Number of protein chains: 2
Amino acid sequence: MARKQGSHSDITGPKVRAAALRLIARHGCAAVSMRQIAAEVGVQAGALYNYTSDKQTLLFDLMRRHMEKLLAAYDETLITGTPTEQLRAFTLFHIRYHLPRRDEVFVSYMELRNLSPENFLVVEGLRRNYEDALEGILKAGEADGSFTLPDRKVTVLSLIAQLTGITNWYRDDGRLTQEQVEDIYCDLVLRTVSAPR
Amino acid sequence: MARKQGSHSDITGPKVRAAALRLIARHGCAAVSMRQIAAEVGVQAGALYNYTSDKQTLLFDLMRRHMEKLLAAYDETLITGTPTEQLRAFTLFHIRYHLPRRDEVFVSYMELRNLSPENFLVVEGLRRNYEDALEGILKAGEADGSFTLPDRKVTVLSLIAQLTGITNWYRDDGRLTQEQVEDIYCDLVLRTVSAPR
DNA sequence: GTCTATAATCGGATAGAC
DNA sequence: GTCTATCCGATTATAGAC
């Protein structure tokens, strides 16, 4: 079990981010020490500085990577058809992407306040891109008469809050399967964009 | 400006909680030191321990008080009429109570993970009481046919996430007044409980 | 009730050996 | 690339004077 010295750049880098993400999601950035992260990875604290210039940058990397991977995954998802079909596809994508990534979701939202102003703007910009994607779908639906909205931008924020909130309570061994939750939210989302009778 | 020694129990206690709330909301519990809180109040760090046995208890007090005051305020609010009228009253109450208390909302949600297991159960129980109030309204609406819901409990969580999310983006000097936001959300909430055409 | 002083520990980050 | 050792400052909480 003795740990050898040597080169493990390719594997240690991801392990550092994984450990940091898990610990920060659990306890908060300020509550987690570099020593704890190092222990989780299986190295000494000093070794972490081969992978990040400091703790702030490590946190920023976690958040920036999460948002960039989210946007990349969204771009690879086919969102086609009528606005109603697109909105349903967006809803399913959002749930399926976020539910297995609760630590990323929690950290990316919760630790925004601990970013430097420049880093905050970067993450904020990426988040805005994602909101714009949903806004585009709503706009198309308003244009062709599929959707009637009280306010498009507020509806975007409301829908995302509603959907992301699932990560706070869903349990694999809970009352509902993920598929059932998806169906319920597709229903709720479509109601939101339909004018009341 | 010299600060005198003396008795200020009645006034210092609330000042400690106010300072702690503001700082913890801004930076997170672990990132805020007792010295910073004391400095904000205008006393030395040691004096804080006349008002709390330790940092954990101070945090817990903030969260418990917030939830208890929320429930007390809700109990004093007249929620009457048809289920639709009750749901509208709940929506307005929720927005109007939470929007001026963003620090409380943020801390009570964000710092749950930093509570001891016993303290967590207390806060969780209070939060549950509030959710039950909304569930009661939805149940009444289902019973008399006003509402049609895919799943009552999921709808409760979805509505609260949707409404509480307002605290993350609303700005007094923004595009919309609070009154306009209230109208928009009353509309969105009522759509959620109405079966699609 | 508040102050000053202090105990005991832990924090981020760096230097140099291997 | 990792380790050990270390600098130096900050942390919570307590003790005793006033």
Side-chain angles (χ1 to χ4, degrees), chain A residues 1-63 107 111 113-116 118-119, chain B residues 1-24 26-63 107 111 113-116 119:
Chain A
M1 268 308 196
R3 179 160 299 276
K4 288 184 182 176
Q5 294 182 194
S7 267
H8 299 287
S9 174
D10 302 357
I11 189 154
T12 306
K15 277 175 77 177
V16 168
R17 284 190 293 273
L21 182 71
R22 208 183 73 85
L23 287 169
I24 292 174
R26 217 67 99 232
H27 308 290
C29 184
V32 174
S33 69
M34 295 297 272
R35 282 173 177 79
Q36 282 176 274
I37 297 170
E40 182 104 345
V41 175
V43 298
Q44 292 300 315
L48 296 182
Y49 291 87
N50 289 313
Y51 302 97
T52 184
S53 53
D54 52 31
K55 203 183 180 189
Q56 161 77 207
T57 304
L58 177 56
L59 176 64
F60 173 57
D61 276 346
L62 295 177
M63 299 170 72
V107 169
E111 304 290 344
R113 61 189 171 181
N114 290 321
L115 291 181
S116 68
E118 314 84 64
N119 289 346
Chain B
M1 269 309 195
R3 181 160 297 275
K4 289 184 181 174
Q5 295 182 194
S7 267
H8 299 286
S9 174
D10 302 357
I11 188 154
T12 306
K15 278 175 76 177
V16 168
R17 284 190 293 274
L21 182 69
R22 208 184 72 86
L23 287 169
I24 293 174
R26 215 73 97 228
H27 309 290
C29 185
V32 174
S33 70
M34 296 297 270
R35 278 175 180 77
Q36 283 176 276
I37 296 170
E40 183 104 344
V41 175
V43 297
Q44 292 300 314
L48 295 182
Y49 291 87
N50 289 312
Y51 302 96
T52 184
S53 53
D54 52 31
K55 204 182 180 189
Q56 160 78 206
T57 305
L58 177 56
L59 176 65
F60 172 57
D61 276 345
L62 295 178
M63 298 170 71
V107 169
E111 304 290 345
R113 61 189 171 182
N114 290 321
L115 290 180
S116 67
N119 290 347

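Letters A, B, ... mirror the listed sequences (proteins, then strands); counts begin at 1. Predicted model, so just to flag it, every value in this text is computed and none were measured.
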Whole-Å distance between [N] [atom2] and [X] [atom1]?
X: Ile37(B); N: dA10(D); atom1: CD1; atom2: C1'; answer: 15 Å
X: Gln56(A); N: dG11(C); atom1: CD; atom2: C1'; answer: 16 Å
X: Leu48(A); N: dT2(D); atom1: CG; atom2: P; answer: 9 Å
X: Asn50(A); N: dT14(C); atom1: CG; atom2: P; answer: 12 Å
X: Leu23(A); N: dG12(C); atom1: CG; atom2: P; answer: 12 Å
X: Asp54(A); N: dG11(C); atom1: CG; atom2: P; answer: 17 Å
X: Met34(A); N: dC3(D); atom1: CE; atom2: C1'; answer: 16 Å

Identify, with sequence neighbours excluded, every residue that meets side-chain hydrogen bond (donor to acceptor under 3.5 Å, both in side chains) alongside [X].
X: Asp61(A); answer: Arg64(A)
X: Asn50(A); answer: none
X: Asn114(A); answer: Glu111(A)
X: Glu40(B); answer: Arg22(B)

Worksheet, complete the sentence: Of all heavy-atom pairs linking Leu59(A) and Cys29(A), the shortest is CD2-SG, 3.9 Å

Fill in: Nucleotide nearest Tyr49(A) when distance is taken to its side chain, options dT14(D), dT2(C), dA13(C)
dA13(C)

Item to complete: Name the closest nucleotide to the Tyr51(A) side chain, picking from dG1(D), dG12(C), dT2(C).
Response: dG1(D)

Worksheet item: Is any side-chain nitrogen or oxygen of Thr12(B) closer than 4.0 Å to OP1 or OP2 of dG1(C)?
Response: no

Discussion item. If you compare every side-chain N and O of Ser33(A) against the phosphate oxygens of dC10(C) (OP1, OP2), does one of them come in below 4.0 Å?
Written reply: no

Below 3.5 Å is the cut-off: list the nitrogen or oxygen pairs between protein and nucleotides 4-9 of chain C, distance only.
none

Worksheet entry | salt bridge (charged side-chain N to carboxylate O under 4.0 Å, His left out) partners of residues 25-36 of chain A, not counting sequence neighbours, each pair once | none

Worksheet item: Where the side chain of Gln36(B) meets the backbone of Leu23(B), is there a donor-acceptor pair that is under 3.5 Å apart?
Response: no

